[in-house]
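Before any comments, here is the structure.
Note that this is a predicted model, so its numbers are computed, not measured. Numbers restart at 1 for each chain; the letters A, B, ... are given by sequence-line order, proteins then strands.
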Amino acid sequence: MSSKPIVEARGIHKHFGAVHVLKGVDLRVAERELVFIIGPSGSGKSTLLRCLNRLEAPSSGSVVVDGIDMLDPKTDINHARQRIGMVFQSFNLYPHMTALGNVTLALRKVAGKSRTEAEAIGRAALDRVGLADRAEHTPGQLSGGQQQRVAIARAIALEPRVMLFDEPTSALDPELVGSVLEVMRSLRESGMTMVVVSHEMGFARAAADRVVFMDHGQIVEQGAPAEIFEAPKEERTRAFIGQIQRH
Amino acid sequence: MTNWERFLDTFFNGKVLARYWPDIAYGALITIELALLVVVTGIGAGLALALLRSVGIRPVNWAIVFVVDLFRALPPLVIIVLIYFGLPSIDVSPSGFVSTWLALAFVLMAFSEEIFWAGITAVAKGQWEAARSTGLTFGQTLINVVLPQAIRLTIPPLTNRTIAITKGTALGSVVAVTEILGQASSAVSNSYNPSPLMLGAAAYIIMFLPVVVLGRWVETRFAWKR
Ligand SMILES: Nc1ncnc2c1ncn2[C@@H]1O[C@H](COP(=O)(O)OP(=O)(O)O)[C@@H](O)[C@H]1O
Ligand SMILES: [Mg+2]
């Protein structure tokens, strides 16, 4: 990896009480790179993502994002989080606000934009996800795919340096998955650095620079998509890929 | 006199009604004043406690839960009497009006804290995570994202509880507050006729029926839509 890393996580351990969920994970993500994380349910993929923006505090290890030490108590975490967009499986849109309200809230409260500025930025972000005409709709009036695209707009409006996606299409009806992947692909083409946890192998093949396979809180194997999908070295990876491809 | 005439003469005696309605009207004013004070301070304090509780400082939360449970367990009349007759022993002598106000406000505070707290905890965890991940602070998330959703869940039970507790203003008659029931009772003893009680009942209906109807409307209006 030649270019400088945007995300550099080292030796991440995470315990939930007696449960050891992450057992020394190292993850380096270079600028403009798309890293795709796969692994069985419960292997710690979500926990790893959540450690990157400190939604979850690692028990030990270090996380540096865009040069900011995320675990330093002196770091202004709310300021740092603006640089790390996150998209959740369950969208988590604010149901009492319009699409535009969802997108502009942090612009106004965190980035300190005026309402007019925030709305201009917000509308541009909604336009990027193809929902300019849905700005005044509330989440309840949108399909799942549209809701997830609003959630992506909410994150990219803050101009993050990296975007984290935690199973962004897993809650969607199959016919709505494509529209969300399309937005992710265009985001990728715009040069966004991305870490994506997902089971969308087709997307991984087409868009990922690197695939990381996790199991039991550890990175078992990583490499180019073709390597991991076609010629995995580890037995556990092979078993998992086989299982996924049967679906 | 037929039975019917005797009934009217006893409960709807024209002379007595004419003589005492201004007293009852004055009582209604006191009741309204008391009720508004109770509602504003009780709900305000309940909301403040619920917000404080959501910060999650253990000893503070234990204290809140203790106070809330205490005021939910005690009958309001007992609290009124404790304040009115008990506080003078430490050289504070609140009037009957103030005693009733404080007692009912504490009770409403306790119940509304529980209702607000239930509303806050009912908001999905993902809402917090989404908001915090965009850099909003705990307080900004609470105020802009969680509370508006919590309050929608809160309005129906809060309306019902508020109506129930404000009706307790009638308990003020025990400590000589000249609210509706107090005025009606003294009118009854002065006139040797129960008609003023009918006036009192009418005053309560005029005051509370619209509130109950409003509560019903609010309940359907704010039913959770997604
Ligand atoms: N907040 C939590 N408290 C306790 N255990 C948790 C918590 N979050 C996750 N876990 C546990 O950590 C393990 C990994 O979870 P997760 O990171 O969600 O896995 P994945 O996303 O790969 O399915 C699971 O066993 C899960 O039960
Ligand atoms: Mg997960």
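- Only the side chain of B:Q140 comes within less than 4.5 Å of a heavy atom in chain A; its backbone stays farther off.
- By the neighbour-count criterion of 12 heavy atoms within 6.0 Å, atom CD of A:E159 is sparsely surrounded, having that number or fewer from other residues, nucleotides or ligands.
- Interface residue A:Y94: backbone and side-chain heavy atoms are both found under 4.5 Å from chain B.
- Rounding to the nearest 0.5 Å gives a distance of 5.0 Å between CG of B:L136 and CG of A:L105.
- Going from atom CG of A:L49 over to atom OG of B:S133 covers 11.5 Å, rounded to the nearest 0.5 Å.
- More than 12 heavy atoms of other residues, nucleotides or ligands sit less than 6.0 Å from atom NE2 of A:H15.
- A distance of 9.0 Å separates CZ in A:R54 from CZ in B:R132, rounded to the nearest 0.5 Å.
- The CD1 atom of B:I143 sits 10.0 Å away from the NZ atom of A:K109 when rounded to the nearest 0.5 Å.
- More than 12 non-hydrogen atoms from other residues, nucleotides or ligands lie less than 6.0 angstrom from CZ of B:R72.
- Residues B:Q127 and A:P95 form a side-chain contact, since some pair of their non-hydrogen atoms from C-beta on lies under 4.5 Å apart.
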Item to check | Criterion side-chain contact (heavy atoms from CB on, under 4.5 Å) on B:T134 and A:M86, from CA distance to verdict | outcome: CA-CA 8 Å; B:T134 60; A:M86 190 164 204; over 6 Å; no

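- Using a 4.5 Å cut-off between heavy atoms, A:R50 contacts chain B through its side chain alone, with no backbone atom that close.
- For A:I84, the part lying near chain B is the backbone, with the side chain staying farther off; criterion is any non-hydrogen pair under 4.5 Å.
- In this structure, A:F16 places its CZ atom where more than 12 heavy-atom neighbours from other residues, nucleotides or ligands lie under 6.0 Å away.
- Around the CH2 atom of B:W128, the shell of radius 6.0 Å holds more than 12 heavy atoms that belong to other residues, nucleotides or ligands.
- Heavy-atom minimum distance, A:R154 versus B:A130: NH2-CB, 3.4 Å.
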